[in-house]
Amino acid sequence: MQIGPHLLRNNVFVAPMAGVTDRPFRQLCKELGAGYAVAEMAAANPRVWASEKSSRRRDHTGEMEPKAVQIAGSDPQELADCARFNVDKGAQVVDINMGCPVKKVCNNWCGSALLQFEDVVERILHAVVAAVDVPVTLKFRTGWDRQNKNALRIARIAEQAGIQMLTLHGRTRADGYTGEAEYDTIAAVKAAVSIPVVANGDITSPEKARYVLDKTGADAVMVGRAAQGRPWIFREIDHFLRTGTLLPPPLVAEVRRLMDEHLRAHYGFYGENLGVRTARKHIGWYVRDLPGGEEFRQEMNRLESTTAQLAAVDSFFESQWKYGERLQYRLAEEMLAA
């Protein structure tokens with residue numbers, strides 16, 4: 001799997017997720033087996049480039065290469081300028097967002113709202129590709145709604161514009177994240193273009209990744225929500241694709257160490273006050289399917305210091321030893337059903 005000059009170590013990718021795929025999380029996913037990760041969506045509007053949030057989103061210090069940014073906007077010139085700005089700051093791949101279904105994004109005619117205007121899509125893609133000397137990729141959806149699906153036309157426009165990889169989420173904008181992903185549409189796009197195609201949507205396990213690759217013929221899979229709290233899913237998928245065998249759940253001791261490293265990196269990235277607040281969602285995802293996880297999450301959300309959070313998380317994972325040396329997700333399900 002290759003994007004321009006960048007040879008990737010595997011075909012299991014991390015999806016860009018707002019408020020999730022910051023530098024500490026991307027780096028952790030890469031260390032745990034992801035072959036590629038894209039940073040959080042950055043606005044093309046130059047008025048926000050100097051903001052603290054935008055600065056953090058383009059911070060790739062020490063990150064495993066290639067370093068990829070995702071940009072969003074509706075004006076071709078602004079997007080071209082934004083692409084140049086990010087490449088000057090170290091980006092090695094520029095991804096254009098035409099897949100976000102969130103209202104506040106679509107109401108500004110960005111994200112998947114652009115799929116309604118194929119002429120604008122074409123101008124944007126040509127402008128960004130011409131603006132930079134790094135690979136430009138596109139993430140998009142199957143269409144605006146089920147009555148207006150145009151993924152094939154968008155894919156052909158993208159290929160002709162010089163886009164070097166397509167990532168297709170198998171839902172329309174109207175679908176949001178409901179229903180089942182349309183893998184038939186991804187298969188049709190893969191058959192219609194010669195550039196790499198990445199399948200995205202509902203990839204929640206190694207077995208599902210294998211199914212989606214077989215069903216679509218895609219070159220890679222991109223995992224989003226399933227990686228929240230389970231960053232080791234990337235090595236699990238990669239191992240299964242290579243060997244056909246499933247890895248056991250991770251050791252409690254390993255996750256205890258990973259959590260400590262992730263949180264310390266997170267605090268270092270955001271600072272004490274913001275770090276405590278933004279870490280809560282990550283901690284909640286890590287523990288949500290474990291015995292006692294929901295009770296712990298509620299207690300942890302009341303903690304106000306990094307020291308208290310670290311101690312609480314360490315104590316929680318120490319408590320998991322009584323269920324076995326490996327994480328016991330199934331046991332949590334059984335306890336809830338009892």
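When side chains are defined from C-beta on, Glu325 does not count as touching Val252, because their heavy atoms never get closer than 4.5 Å. With a 4.5 Å cut-off on side-chain heavy atoms, Asp184 and Glu182 do not count as touching. In this structure the side chain of Pro66 never reaches within 4.5 angstrom of the side chain of Pro5, judged on heavy atoms. Side-chain contact between Val20 and Gln228 is present, with heavy atoms from C-beta onward closer than 4.5 Å. Taking 4.5 Å as the limit, some side-chain heavy atom of Val313 sits within range of a side-chain heavy atom of Phe296. Met222 is listed as a side-chain neighbour of Pro16, based on a closest heavy-atom distance under 4.5 Å. A 4.5 Å side-chain heavy-atom check between Arg235 and Pro250 finds at least one atom pair inside the cut-off. Contact check for Met41 versus Ile71: no side-chain heavy atoms found under the 4.5 Å cut-off.
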Query raised in the report: Does the side-chain contact (heavy atoms from CB on, under 4.5 Å) test come out yes or no for Arg146 and Asp175, once each step is laid out?
Result: CA-CA 8 Å; Arg146 293 295 176 105; Asp175 292 330; 2.9 Å; yes
Report task. Might you work through the side-chain contact (heavy atoms from CB on, under 4.5 Å) test for Val69 and Val93, ending with a clear yes or no? Result -> CA-CA 6 Å; Val69 301; Val93 181; over 6 Å; no
Report task. Please lay out, stage by stage, how Arg230 and Trp285 fare under the test side-chain contact (heavy atoms from CB on, under 4.5 Å). Result -> CA-CA 8 Å; Arg230 293 192 186 186; Trp285 290 328; over 6 Å; no
Query raised in the report: Run the side-chain contact (heavy atoms from CB on, under 4.5 Å) check on Phe316 and Leu290 step by step: do they pass?
Result: CA-CA 10 Å; Phe316 175 81; Leu290 296 173; 4.0 Å; yes
Query raised in the report: Given Asn148 and Gln116, is the side-chain hydrogen bond (donor to acceptor under 3.5 Å, both in side chains) satisfied, shown in steps?
Result: CA-CA 8 Å; Asn148 295 279; Gln116 300 171 93; over 6 Å; no
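Not one N or O on the side chain of Tyr183 forms a donor-acceptor pair closer than 3.5 Å with the backbone of Tyr211. Listed for the Asn10 side chain is a donor-acceptor partner under 3.5 Å among the backbone atoms of Gly33. Checked by atom type and distance alone, the side chain of Gln328 pairs as donor or acceptor with a backbone atom of Arg326 at under 3.5 Å. Looking at Gln27, its side chain does come within 3.5 Å of a backbone N or O of Met64 through a donor-acceptor pair. In this structure, Asp202 contributes its side chain and Ala181 its backbone to a donor-acceptor pair below 3.5 Å. A distance-only check finds a donor-acceptor pair linking the side chain of Lys281 to the backbone of Gly19 [under 3.5 Å]. Without hydrogens or angle criteria, Arg171 side chain to Gly179 main chain gives a donor-acceptor distance under 3.5 Å. Ser112 contributes no side-chain N or O that, together with a main-chain N or O of Arg141, makes up a donor-acceptor pair within less than 3.5 Å. Side-chain atoms of Lys139 never come within 3.5 Å of backbone atoms of Leu166 as a donor-acceptor pair (strictly under, hydrogens ignored). At least one donor-acceptor pair under 3.5 Å links the side chain of Glu159 to the backbone N or O of Ser194.
Residues Thr306 and Glu272 bring a donor and an acceptor atom of their side chains to less than 3.5 Å of each other. Between the side chains of Asp95 and Thr137, a donor-acceptor pair is found at a separation under 3.5 Å. When only modelled atom types and interatomic distance are considered, Thr21 and Glu40 share no side-chain donor-acceptor pair under 3.5 Å. Residues Ser305 and Thr307 bring no donor and acceptor atom of their side chains to less than 3.5 Å of each other.
Scanning all heavy atoms of the two residues, the minimum distance from Leu303 to Ala308 falls at CD1-O, 3.6 Å. Taking both residues in full, the closest heavy atoms of Val212 and Thr216 are given as O-OG1, 2.7 Å, listed atom of the first, atom of the second, then distance. Of all heavy-atom pairs between Val136 and Val128, the closest is CG1-CG1, 3.8 Å. Taking each heavy atom of Ala83 and Val94 in turn, the nearest pair found is CB-CG1, 4.1 Å. Nearest heavy-atom pair across Leu115 and Glu118 is O-CG, 4.3 Å. Minimum heavy-atom separation, Asn150 to Gly143: OD1-CA, 3.6 Å.
There is a path of hydrophobic side-chain contacts, each under 4.5 Å, that joins Val14 to Ile233. When hydrophobic clusters are built by joining Ile, Leu, Val, Met, Phe, Trp and Tyr residues whose side-chain heavy atoms come closer than 4.5 Å, directly or via intermediates, Val129 is grouped together with Ile195. Hydrophobic clustering keeps Leu138 apart from Ile3 (ILVMFWY residues linked when any side-chain heavy atoms are closer than 4.5 Å, directly or through intermediates). When the side chains of ILVMFWY residues are joined at heavy-atom separations under 4.5 Å, either directly or via intervening members, Val287 and Leu28 end up in a single hydrophobic cluster. Residue Val120 is grouped with residue Ile157 when hydrophobic side chains (ILVMFWY) are merged at heavy-atom distances under 4.5 angstrom, including chains of intermediate members.
Separation of atoms OG (Ser315) and CE (Met300) is listed at 13.0 Å; rounding is to 0.5 Å. Note that the CD atom of Gln2 and the CG atom of Leu8 stand 7.5 Å from one another [nearest 0.5 Å]. Once rounded to the nearest 0.5 Å, the distance linking CZ of Phe13 with CD1 of Ile203 reads 11.0 Å. Going from atom CE of Met98 over to atom CZ of Arg173 covers 16.0 Å, rounded to the nearest 0.5 Å. Rounding to the nearest 0.5 Å places CZ of Phe117 at 10.5 Å from CD1 of Ile124. The CZ atom of Arg277 sits 11.0 Å away from the CD atom of Gln309 when rounded to the nearest 0.5 Å.
Salt-bridge check for Arg242 with Asp238: passed, with a basic side-chain N closer than 4.0 Å to an acidic carboxylate O. A salt bridge between Arg297 and Glu294 is present, with a side-chain N of the basic residue lying under 4.0 Å from a carboxylate O of the acidic one. For Glu304 and Arg280, the salt-bridge test passes: some basic side-chain N is under 4.0 Å from an acidic carboxylate O. The pair Asp314-Arg256 meets the salt-bridge criterion, since a charged nitrogen lies less than 4.0 angstrom from a carboxylate oxygen.
A ring-centre distance under 6.0 Å is not found for His169 and Phe140.
Of the listed residues (Val87, Asn86, Asp81), just one forms a side-chain contact (heavy atoms from CB on, under 4.5 Å) with Arg84, and that residue is Asp81. The only option from Val276, Leu310, Leu258 that meets the side-chain contact (heavy atoms from CB on, under 4.5 Å) definition with Leu263 turns out to be Leu310. Looking at Met1, Glu65, Met165 one by one, the single match for side-chain contact (heavy atoms from CB on, under 4.5 Å) with Tyr36 turns out to be Met165.
Using cut-offs of 30° and 60° on the angle between ring planes, the pair Tyr270 and His266 is tilted. By the 30° and 60° cut-offs, the orientation of the rings of Tyr286 relative to His262 is perpendicular.
Heavy atoms from other residues, nucleotides or ligands lying under 6.0 Å from CD of Gln298 number more than 12.
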